[in-house]
Amino acid sequence: MTPLAASATSGRSPWPTLGFVCLVASIGLTLAFFVWGFRRPELDRVWTLHHRLKIGEVTQLAPADEQLLARNMRKYPELASALLGGRTIGVISARNWQGWLQVPQATIIRTQESTACTKLQLGVHTEPGLMPFPLNVQGANWTERVHVTAAGPLAIQLPPVTENELILVRFEGHKFPKDASRIGVKLDVVCEPSEVTRP
């Protein structure tokens, strides 16, 4: 090797630069994060979704989220009651301390033990500019559609319960805001005295 060739190669380091190492590490961490996310246990996702519904971060369930909740309530029968804090039926969507809905879709969990709870009771005081509107109530294997034309009380009969299920109460026809004072709907479940009357 000539002296010129030796001096040209002696300046190269056999190790990668710090910038290259950081780049490879960040790509590796990103891939690891996505792998963890896709392998994340379903029950962990259920509890996270439950929390996000309660605080109003999620205003309505995507179809994949509906399937996630329904699938796990079938797979783990005790899960529905656990999500309700031991109750047999209840609203898990955001409501204020007086029970007024803060989101335009209410998600209700109904367990097999809620046989004495047979009716949804709504107090409708929606802002006039958002009325009339269709109200769609959907359970596991049933749907009830009501056209709301005026303020006042509104009762919706529930079919007999056969399994743990989600009940979705959707306000349609307008772009409802995430605002309890404008949605203006109070939602309760009517039960016999043996059940909790205010979920």
Could you tell me which residues satisfy side-chain hydrogen bond (donor to acceptor under 3.5 Å, both in side chains) with Asp179, sequence neighbours excluded, listed by chain and number?
->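 For Asp179, the residues satisfying side-chain hydrogen bond (donor to acceptor under 3.5 Å, both in side chains) (neighbours in sequence not counted) are Ser181.
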Tell me, please, which residues at least two apart from Gln112 pass side-chain hydrogen bond (donor to acceptor under 3.5 Å, both in side chains).
->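 With neighbours one apart ignored, the set is empty.
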Answer whether the closest heavy-atom distance between the side chains of [X] and [Y] falls below 4.5 Å.
X	Y	answer
Arg74	Asn164	no
Asp188	Leu120	no
Leu166	Ile108	no
Lys54	Ile92	yes
Leu79	Leu43	yes
Gln102	Asn96	yes
Arg87	Ile89	no

Output yes when a side-chain donor or acceptor of [X] lies under 3.5 Å from a complementary backbone atom of [Y], and no otherwise.
X	Y	result
Thr48	Asp44	yes
His125	Arg182	no
Thr126	Ile183	yes
Glu165	Ala70	no
Ser93	Thr107	yes
Ser114	Thr111	yes
Glu113	Thr88	no

Looking only at heavy atoms, what is the nearest atom pair of [X] and [Y], with distance?
X	Y	answer
Ala140	Glu163	CB-OE2, 3.6 Å
Gln121	Pro153	NE2-CB, 3.7 Å
Ile109	Ala80	CG2-CB, 3.8 Å
Val189	Cys117	CG1-CB, 3.8 Å
Pro104	Pro177	CD-O, 4.3 Å
Ala155	Lys119	CB-CD, 3.6 Å

Return the orientation label for the Phe171 and Phe176 ring planes: parallel under 30°, perpendicular over 60°, tilted otherwise.
->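 Aromatic pair Phe171/Phe176 classed tilted.
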Tell me, please, which residues at least two apart from Trp142 pass ring pair (Phe, Tyr, Trp, His ring centres under 6.0 Å).
->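 Result, ring pair (Phe, Tyr, Trp, His ring centres under 6.0 Å) vs Trp142: none returned.
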With sequence neighbours excluded, tell me which residues meet ring pair (Phe, Tyr, Trp, His ring centres under 6.0 Å) with His51.
->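 Partners of His51 by the ring pair (Phe, Tyr, Trp, His ring centres under 6.0 Å) criterion come out as none, since no residue qualifies.
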Verify the cluster assignment for Val161 and Val137: are they in a single hydrophobic cluster under the rule of side-chain heavy atoms below 4.5 Å apart?
->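 Not linked; separate clusters.
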What about Met131 and Val103, same hydrophobic cluster or not, with Ile/Leu/Val/Met/Phe/Trp/Tyr joined at side-chain heavy-atom distances under 4.5 Å?
->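 Met131 and Val103: separate clusters.
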So, Glu42 and Lys75, do they make that salt bridge, N to O below 4.0 Å?
->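 No, no charged N to carboxylate O under 4.0 Å.
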Name of the residue among Leu135, Val185, Leu187 meeting side chain to side chain contact (heavy atoms under 4.5 Å, CB included) with Leu154 =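 The side chain to side chain contact (heavy atoms under 4.5 Å, CB included) with Leu154 is passed solely by Leu135 among Leu135, Val185, Leu187.
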Quiz: residues 55-69 side-chain donor-acceptor pairs under 3.5 angstrom, not counting sequence neighbours:
unit_1	atom_1	unit_2	atom_2	d
Glu57	OE2	Arg52	NE	2.8
Glu57	OE2	Arg52	NH2	3.4
Glu66	OE2	Arg170	NH2	2.8

Determine all donor-acceptor pairs shorter than 3.5 Å in which one atom belongs to a side chain in residues 143-151; sequence neighbours excluded.
unit_1	atom_1	unit_2	atom_2	d
Arg145	NH1	Glu172	OE1	2.8
Arg145	NH2	Glu172	OE1	3.2

